[in-house]
Amino acid sequence: MKTLLHRAVAVSFVLAGLGGQITAQAQAQMSAEDKEIVAKFKAADKNHDGKLTLAEAQAGMPRVAAHFSYIDSQGRGYVTLDQILALANN
């Protein structure tokens, strides 16, 4: 449980765009897989709203797009990085 909390905090710092030492520390606590997911998510999120639509996922994260409706279980029309990381770390 503590490890998952550390990952969540690390991802939050990276996504918040906090610079310098905090981001470096946060990134150091993330797994290589999580870092890759964060980077792909940021690149795919073309309007930088913190959400991926199906079109954004199809263009930048095809594996997410293939499971989009499963990840977007509430039918909101978008998925978040937290949802993707939760599934990846499950």
Side-chain angles (χ1 to χ4, degrees):
M1 182 63 112
K2 189 174 181 180
T3 301
L4 289 177
L5 178 60
H6 283 234
R7 280 186 177 174
V9 169
V11 169
S12 296
F13 281 134
V14 171
L15 289 179
L18 298 175
Q21 188 175 4
I22 295 174
T23 299
Q25 289 173 350
Q27 287 179 343
Q29 293 178 1
M30 293 174 66
S31 70
E33 181 182 356
D34 286 352
K35 288 178 187 178
E36 183 178 347
I37 291 170
V38 169
K40 286 182 178 183
F41 185 93
K42 285 178 140 181
D45 183 14
K46 296 300 181 187
N47 61 355
H48 310 290
D49 66 352
K51 304 171 187 172
L52 286 188
T53 62
L54 179 57
E56 287 174 321
Q58 287 170 332
M61 297 186 82
R63 289 181 64 195
V64 169
H67 303 285
F68 193 86
S69 60
Y70 176 78
I71 300 168
D72 181 22
S73 60
Q74 296 178 349
R76 297 180 296 184
Y78 63 86
V79 296
T80 64
L81 180 59
D82 288 341
Q83 289 173 303
I84 296 168
L85 286 172
L87 186 61
N89 289 305
N90 190 0

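The chain is numbered in sequence order, starting from 1.
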Enumerate donor-acceptor pairs with a distance under 3.5 Å from any side-chain N or O in residues 49-59 to protein atoms, sequence neighbours excluded.
| from | atom 1 | to | atom 2 | distance (Å) |
| --- | --- | --- | --- | --- |
| Asp49 | OD1 | Lys51 | N | 2.9 |
| Asp49 | OD2 | Asn47 | ND2 | 3.4 |
| Thr53 | OG1 | Glu56 | N | 3.2 |
| Glu56 | OE1 | Thr53 | N | 2.9 |
| Glu56 | OE2 | Lys46 | N | 3.2 |

Pairs of donor and acceptor atoms involving the side chains of residues 64-72, under 3.5 Å and at least two apart or interchain, shall be tabulated with distances.
| from | atom 1 | to | atom 2 | distance (Å) |
| --- | --- | --- | --- | --- |
| Asp72 | OD1 | Gly75 | N | 3.3 |
| Asp72 | OD1 | Arg76 | N | 2.9 |
| Asp72 | OD2 | Arg76 | N | 3.1 |
| Asp72 | OD2 | Gly77 | N | 2.7 |

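- A search for side-chain hydrogen bond (donor to acceptor under 3.5 Å, both in side chains) contacts involving Glu36 returns Lys40, not counting sequence neighbours.
- Rounded to the nearest 0.5 Å, atoms CG (Asp34) and CG (Asn89) are 4.5 Å apart.
- Of all heavy-atom pairs between Ile37 and Met61, the closest is O-CE, 4.2 Å.
- When hydrophobic clusters are built by joining Ile, Leu, Val, Met, Phe, Trp and Tyr residues whose side-chain heavy atoms come closer than 4.5 Å, directly or via intermediates, Phe41 is grouped together with Leu87.
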